[in-house]
Amino acid sequence: MVTSSIASGFSLCRTRNCVLTSLCFFRFCLSVGIGGDYPLSSLLMAEMSCKETRGSFIAAVFSMQGFGILAGSAVTMIVTKVFDQGPSRPLDYWPPEDADLAWRSIVMFGAIPAVLTFYWRMVMPGTPRYTALVEGNIPQAVRDAQELLGISLDHIQWETPPEPLRYSLFSKEFLRHNGRHLFGCAASWMLIDIVFYSITLFQSKIYESKIGDPRSYTACGEAFAVAKLQAIMAACSTIPGYWAAVFLIDRIGRVKIQMMAKLFPAQFRSTSHGLSGAFGKVGAIIGSIGFIWGRSNGFGMQYFLIILGGICLLGCVLTYFYTPETNDRSLEDNESEEEPDERPMMRRSPANGGVVSDQHSESDSLETENPFHTCPTSL
């Protein structure tokens, strides 16, 4: 991500076709990195948190997107103000050199967050759940839990993991057990990104009456006006909305806020989340092309926004019928084909390696320091 962000700023040439070709290549490379990090970020938080607070932790990770939008707008406003030296734009406008330097500088600023987090991501251990459930290395999982949670090794108890799943991602068994959930997650994500990216990418068109005639601005001046409007929207709407979800998600449920990162077994969790995110970007493409097509065919902005509202309602319907509620549900419930009530659980103490019990009540699990099932009372 660091290399691709910097390389995007050094896109070849200044002519339109040449710049677009080289920029598309570098942005594709950047998307490969983001496509891997995007699902991992939320899933790391999901697998390192307990079921009582998992929803708010995952929502907090996604809420950083709002601060990213605000930071990006702030950087754009600062850079364009620095480079805004030219006269108003003539009808036969050609981007001046200061505008060319401005957009390249803005793009390269995207490398800074990746640089700041690079070291910690490299030294961060795998999640105890993945180590125990997929790799089958319980002693290492317990040591990782001790390091991450700061719990004494003598006080950690865990449930014996079930047998690893014997089917692959591209199999009938996966479709039978997880196909419905994957469809619901991917389709809902695609629909929401049709709306999200349509509104985000074309804010200058949606709020054209507030920005004014683009020809009255310099290139940097127009970018400044759009970035200022986007910053206002992020501060007054996007960020408060994200944090409302953080505080409400564990109270009103995950389905109502469309948080679906807990639906899949550990063996397929990251891949399924990544596939759903990929369908989201397909939605972004559909929304972008649809907006351009609609505007070129005379669709008014009011009708376009009504269509986006209908897409939001369709996403609500798909979420309701195709995704189950995961509030108060342990991630380990996804690891077996049996019903949770029929699944025997065995907790072992690393101090003596013996079986503590093969049955335990909900109150027992809430009172023990178990990093794989619920919040320890000391945290």
So Ser31 and Phe26, side chain to side chain contact (heavy atoms under 4.5 Å, CB included) or not? Walk me through it.
CA-CA 9 Å; Ser31 299; Phe26 291 128; over 6 Å; no
Would a distance-only check, ignoring hydrogens and angles, find a side-chain to backbone donor-acceptor pair under 3.5 Å from Arg180 to Leu175?
no
Counting N and O atoms only, with roles assigned by atom type, does the side chain of Ser22 sit under 3.5 Å from a partner on the main chain of Val19, one being a donor and the other an acceptor?
yes
Indicate, with yes or no, if the rings of Phe299 and Phe304 have centres closer together than 6.0 Å.
no
Could you pull out all donor-acceptor pairs under 3.5 Å where a side-chain atom in residues 108-119 meets a protein atom, sequence neighbours excluded?
from   : atom 1 : to     : atom 2 : distance (Å)
Thr117 : OG1    : Pro113 : O      : 3.1
Thr117 : OG1    : Ala114 : O      : 3.4

Side-chain donor-acceptor pairs under 3.5 Å in residues 57-68, sequence neighbours left out?
from  : atom 1 : to     : atom 2 : distance (Å)
Ser63 : OG     : Ala60  : O      : 2.5
Gln65 : OE1    : Tyr242 : OH     : 2.8

Are side-chain heavy atoms of Ile311 and Leu314 found at a separation under 4.5 Å?
no
Which distance, rounded to the nearest 0.5 Å, do you find between the SG of Cys312 and the CD1 of Ile307?
12.5 Å
Output for pair (Lys205 NZ, Met301 CE), nearest 0.5 Å, gives 9.0 Å
Can you tell if the side chain of Arg54 reaches within under 4.5 Å of the side chain of Met45, non-hydrogen atoms only?
no
More than 12 heavy atoms of other groups within 6.0 Å of Lys281 NZ
yes
Can you tell me if Ser171 uses its side chain to pair, donor with acceptor, with the backbone of Ser168 under 3.5 Å?
yes
Between CG on residue Asp193 and OG on residue Ser276, distance to nearest 0.5 Å:
11.0 Å
Heavy-atom distance under 4.5 Å between the side chains of Leu182 and Phe264, does that happen here?
yes
Can you name the nearest heavy-atom pair linking Met77 to Lys228, along with the distance?
SD-CA, 3.7 Å
Going through the distances and angles, do Leu169 and Gln267 end up as a side chain to side chain contact (heavy atoms under 4.5 Å, CB included)?
CA-CA 9 Å; Leu169 179 68; Gln267 184 174 337; over 6 Å; no
With side chain to side chain contact (heavy atoms under 4.5 Å, CB included) as the test, would you mind laying out the steps for Val195 and Ile199 before giving the verdict?
CA-CA 6 Å; Val195 178; Ile199 293 176; 3.9 Å; yes
Please evaluate residues Ser41 and Asp37 with respect to the criterion side chain to side chain donor-acceptor pair (under 3.5 Å), reporting the C-alpha separation (whole Å), side-chain torsions for both, the decisive distance (0.1 Å), and the verdict.
CA-CA 6 Å; Ser41 296; Asp37 188 77; 3.2 Å; yes
Closest non-hydrogen atom pair between Pro265 and Asn178, with its separation:
CD-OD1, 3.4 Å
For Ala99 and Cys220, which heavy atoms make the closest approach, and how far apart are they?
CA-SG, 4.0 Å
Within a strict 4.5 Å, meaning less than it, do heavy atoms of the Phe202 and Ile292 side chains meet?
yes
Any idea which heavy atoms bring Ile206 and Ser198 closest together, and the distance?
CD1-O, 4.3 Å
State, to 0.1 Å, how close Ser272 and Phe174 come at their nearest heavy-atom pair, and which atoms those are.
OG-CZ, 3.8 Å
For Gln230 and Ser73, the nearest pair of non-hydrogen atoms, with its separation, is OE1-OG, 3.5 Å
Indicate yes or no: at least one non-hydrogen side-chain atom of Ile289 is less than 4.5 angstrom from one of Ile285.
yes
Is there a path of hydrophobic side-chain contacts, each under 4.5 Å between heavy atoms, that joins Val246 and Leu70?
yes
Name each donor-acceptor pair under 3.5 Å that joins a side chain in residues 2-9 to protein atoms two or more places apart or in another chain, with its distance.
from : atom 1 : to    : atom 2 : distance (Å)
Ser4 : OG     : Leu30 : N      : 3.4
Ser5 : OG     : Met1  : O      : 2.8
Ser8 : OG     : Ser4  : O      : 2.8

Verify the cluster assignment for Leu229 and Phe196: are they in a single hydrophobic cluster under the rule of side-chain heavy atoms below 4.5 Å apart?
yes
Could you grab the distance from atom SG of Cys185 to atom CH2 of Trp189, nearest 0.5 Å is fine?
6.0 Å
Determine yes or no for a side-chain-to-main-chain donor-acceptor pair under 3.5 angstrom, with Ser296 supplying the side chain and Trp293 the backbone.
yes
Cluster link Ile194 to Tyr197, ILVMFWY, side chain under 4.5 Å
yes
Counting C-beta onward and ignoring hydrogens, is there a side-chain heavy-atom pair between Thr80 and Trp103 closer than 4.5 Å?
no
If Ile, Leu, Val, Met, Phe, Trp and Tyr residues are connected whenever their side-chain heavy atoms lie under 4.5 Å apart, and connections chain through other members, are Met190 and Val317 in the same group?
yes
Find out whether Phe83 and Leu101 are in side-chain contact, i.e. whether some heavy atom of one side chain is under 4.5 Å from a heavy atom of the other.
yes
What distance do Ser105 atom OG and Ile78 atom CD1 have between them, rounded to the nearest 0.5 Å?
12.5 Å
ILVMFWY network linking Phe291 to Ile286, side-chain heavy atoms under 4.5 angstrom
yes
Atom CD in Gln203, atom CG in Leu201: separation rounded to 0.5 Å?
9.0 Å
